Each structure stands twice: as structure tokens, then as C-alpha cells.
Number of protein chains: 2
Amino acid sequence: MTGMTREYGQYCGLARALDLVGGRWSLLIVRELLDGPLRYTELEQGLPGVPTNILAARLRDLEDGGVIERSLQPRPSSAVVYQLTPYGKALEKTLLSLGLWGAQSLGEPPEGFASDLHSLTFPLRAMFQERTEGEHRFQIRRGEESLNVVVSHGTVCFPNDPSFEPDAILEMPAGLVLAIAKGYETFDSAVESGNLRIEGSPEKARRFFEIFKMPDLVEAAR
Amino acid sequence: MTGMTREYGQYCGLARALDLVGGRWSLLIVRELLDGPLRYTELEQGLPGVPTNILAARLRDLEDGGVIERSLQPRPSSAVVYQLTPYGKALEKTLLSLGLWGAQSLGEPPEGFASDLHSLTFPLRAMFQERTEGEHRFQIRRGEESLNVVVSHGTVCFPNDPSFEPDAILEMPAGLVLAIAKGYETFDSAVESGNLRIEGSPEKARRFFEIFKMPDLVEAAR
DNA sequence: CCGGATCCTCGGTGATACTG
DNA sequence: CAGTATCACCGAGGATCCGG
């Protein structure tokens, strides 16, 4: 026992799931690992405010539960990394769905909201409309940072490729991406205000926000 | 503040969701309410081991979060009941998905496992294959208890109707339903051992376990 | 009986310091 | 870098009590 919260003990899939990933910080750790293996300190950075002892305890709990696994990076770095097991990876759809639900009651991005573009991968995956046809290659930029987004065959990915050649480049802060996707701002007003600058195909850029758009779960459930 | 666990504070849909329903017992309370409004004491019975103060605190938290609402039953009972708001109802799909994930690492039902048939509604909803065509009417029985199951137009429901007329009646304990659906036991062996008794159409009865069958999420994710 | 409120204890959580 | 050690605290768990 490493300090995990007490178990529910019911013979129920939901109770079992909560035994495994219902602990505080657990699901946020899984979220961080959705894009690939991370090191301990990288996890700490992505989880602002997590106490280091709690992080260590949760990583052990998740490992014991078969959700993540510790492994050594291939040589020569040979650092410790944490990654999802296939079972942990199977949580992705559920997590995106839960994130979408929570986002419904999340207001506009706060004033000083500034996060790195990489943190957009989770909400973009969640909002992605799988019905999308054809292939689309975008690059989001903000200063030195950039995030490549490829939509193809009904899937999204975020290739980390220096020689990536997008159809359209969108220069904008992370918060603006979310504000437009959530409908708090429009594509046109963002361009007009100068907070969104386009390079390449403007139609493609506009298409981005048709592909990534927050659905209304509450209405859809009726 | 009523004692809710500390909030994460990130501008992230998942973190927001966990702020709302990430507290201990919260999601199990929502699960209980999926089938309709319940009273305080009914909730207590469905949540074995929940401390009454925690239940009260969580109900208030969930109400403050807009997930559930207190209301008075129509006359003449005029009792306090708790029910999901539309926003809370929108959690259903996600919850079923999380339950399915957890159920993957849940073993065989324990020896002495005996629960009322009504607790099957959650796992049955979760395992339901939406591609099902036509209409099917089942009744599960166990002693005095019974559960009506109607599959129609790609949806399931559990009508509480005394004059219900099923196509097939399956007399069996709740644990056996889950054991067969999870593949720990087969329909035939259950019939042969006498733990499953059929009335009405045997083919219909067999069909039940094609409609309600646990998928393998881990394999499906590849 | 229903719907909690109160009290007390224990352990998980969070913050900081420290170490191989 | 990747954790462990320590400690204060407060939420969780359990029992009991109370007003309608």
C-alpha cells in the first residue's frame, strides 16, 4: 500500500475504474502521457501544483494498476520514462469525452492565459470531428513555439518534424485557439484584430476551425 | 465551500470535470441517478459504505456544480429527490465508457456475489451494442425480483411495467448475467447446469447475450 | 422513517527539505 | 534527475444524535 485512497470494493466496472484512476491527480497524469512517454520532471512541469510525493505515489499506484509502466529510454540517454500501457492507452477516448464534458462549463479563457502550444493537443483531440475527409496539414505558431497538426483518414496527429510543410500557418496564442473553437470569438474578428495571422491558404486556415469545434453535448444528448 | 476537495485550477476541460465530479463517491452518485430520481436513503442503499456526511456534502457539491438538482416529488408524497440536470445527464456516455474500461480488469464475479437485478442496468447499458436491429423484449428474473429489458431502435430501456410481456424470460442470478457477458461462462453451460432457466423463445434468450456482450477495448484501440 | 448535522479519529494530501 | 523524508492539516470514514 502506497497511500492510495481506500477502495470502493464493489463488483462494478465504474467502481473498479475509480479504484485505478480515481485518485487525485491520476487522470491528469494519464492525460499528460497521451502524447507519448515523459520523464518525471516533465510530468511535474505539466502538472502545476502537484506535490512531488503525491506524484511519486500516483505513478506507483498507476504502475501497480497496470495503467502505466516505467521504462528506460533507449540509449544513450537511458533516462527513466513513464508511458501508458495498452490498457492505459484504452482510456484515451473516455478521457477526451470527459474533458469535453468539463469544457462545457468552462468559461472564456482567462485574461492572462498563456500556455504552451503543446497543451493544445488534448483539447484538439477532444474536439476533433472524426467525419473529416481528405488530408489537412496545419502549423500553429506563437513566437518560437510551433505545433504541427495533421488531419488524415479520420485521425489527428501532431508530428514533431522540423521539415514539416503545412498547408496553412496560424500565428496565434493558445488561448485564442480555444476561444474561437468554443465560440467566444470568431475567426474573422480574430484576423481583423491582428491576433490571428495567416500564412498560406486562408481557406485552409478557416477550415481548421470547422474541423476543431466544440460540440454541445447537452443538446446532443436529448 | 462545503468540504469539496481542492480544485486543480487549470484552464482545461478535464481538470474542470474533475473539479466537478472528481471527488470521492461523486461519480458513483451520478451512476445511481442515471435511471431516474432517487431519495437520500435510496442513494445510501445503493452506495454501500458511504458515510452520511460525505453523501450530504457530495450532493451539495454536485448541486452547486449544476450536475444534479434537488426537487420535491409530485404530490402527495412530496419527498425530497435528487436527479440529474441535463448537464449531468450528458455524463452518461462517458460514465458507461469508463465503466467498461474498468470492467476489463475486473475478474470473475466473486463467489458470494448477490446483488439485486436492478444494479444490472448500468453494465447492460454499457455493454449494449448500438447496432442492434429490430425490437426485443426480455425479462430477467430471480425469485421475486424481475427486470424488464427492452431493446428497440438502437436504444435500451428498463420499463417498470407490471403488465410487461417479454419475448423471453431468463431466470438467473445477476452475477451469472455478468459472467456470461464477460465470457467466463457460456450460455449453454449455464443452461445445462440449471443456473439459467428459460421461458419463451430460447433463440431470443440466446440473442440476449449477443446484444449484451463485453467488447475488448484494449484490442479495439489498436 | 427521512434527511441530514455533529463529533471524533485516522489517513491521505500538500508543502518543504533533503538525498542517491 | 528522480525521487524519499518529514510534518501540519484537513477531508474521509464511522458512529451517534436530532428536527420534521
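Labels below follow one simple rule: chain letters A, B, ... track the order of the sequence lines, proteins then strands, and each chain is numbered from 1. The basis for the numbers below is simple: all heavy atoms, side chains too, and nothing from hydrogens, waters or symmetry mates. Everything quoted here is computed from the prediction, not taken from an experiment.
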Atom-pair distance ([atom1] on [X]; [atom2] on [N]), nearest Å:
X	N	atom1	atom2	value
A/R24	D/dC9	CZ	P	19 Å
A/I54	D/dC9	CD1	P	17 Å
B/Q45	C/dG4	CD	P	15 Å
B/I29	C/dG4	CD1	C1'	14 Å
A/L28	C/dG14	CG	P	11 Å
A/D61	C/dT13	CG	C1'	13 Å
A/L55	C/dT16	CG	P	16 Å
B/E42	C/dG3	CD	P	8 Å

Do any side-chain nitrogens or oxygens of [X] fall under 4.0 Å of OP1 or OP2 in [N]?
X	N	value
B/R70	C/dG3	no
B/W25	D/dG13	yes
A/R58	D/dG3	no
B/R39	C/dG3	yes

Original post:
Which heavy atom in B/M127 sits nearest to a heavy atom in B/M214, and how many Å separate them?
Top reply: SD-N, 3.8 Å

**OP:** Look at the side chain of A/Y82 and decide which nucleotide, out of D/dG3, D/dA2, C/dG3, has an atom nearest to it.
**Re:**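 Taking heavy atoms from C-beta onward, the closest nucleotide is D/dG3.
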
Subject >> Of the listed nucleotides D/dA12, C/dG4, C/dA15, the one nearest the side chain of A/P51 >> reply: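 Looking only at side-chain atoms, A/P51 lies closest to C/dA15.
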
Original post:
For A/N160, does the CG atom sit with more than 12 other heavy atoms under 6.0 Å from it, leaving out its own atoms?
Top reply: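 No - once you tally the heavy atoms of other residues, nucleotides and ligands closer than 6.0 Å, there are 12 at most.
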
Original post:
Is atom CD of B/E135 surrounded by more than 12 heavy atoms (other residues, nucleotides or ligands) closer than 6.0 Å?
Top reply: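 It does: B/E135 CD has more than 12 such atoms within range.
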
**OP:** Run the salt-bridge test on B/R58 and B/D61 with the 4.0 Å N-O cut-off and return the result as yes or no.
**Re:** yes

**OP:** Mind running side-chain hydrogen bond (donor to acceptor under 3.5 Å, both in side chains) on B/Y40 and B/T52 for me, showing each step along the way?
**Re:** CA-CA 9 Å; B/Y40 189 87; B/T52 175; 2.8 Å; yes

Original post:
Which of parallel (below 30°), tilted (30 to 60°) and perpendicular (above 60°) describes A/F208 and A/F212?
Top reply: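 Tilted, since the angle between the ring planes falls between 30° and 60°.
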
**OP:** Could you check A/Y8 against A/T41 and say which one's nearest nucleotide on DNA chain D is further toward the 5' end?
**Re:**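 Closest to the 5' end, via its nearest nucleotide, is A/T41.
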
Produce the list of close N/O pairs, under 3.5 Å, pairing protein atoms with atoms of nucleotides 4-7 of chain D; give distances to one decimal.
none

**OP:** May I ask you to check if B/R24 and A/Y8 form a cation-pi contact, with NZ or CZ under 6.0 angstrom from the six-membered ring centre and within 45° of the axis?
**Re:** yes

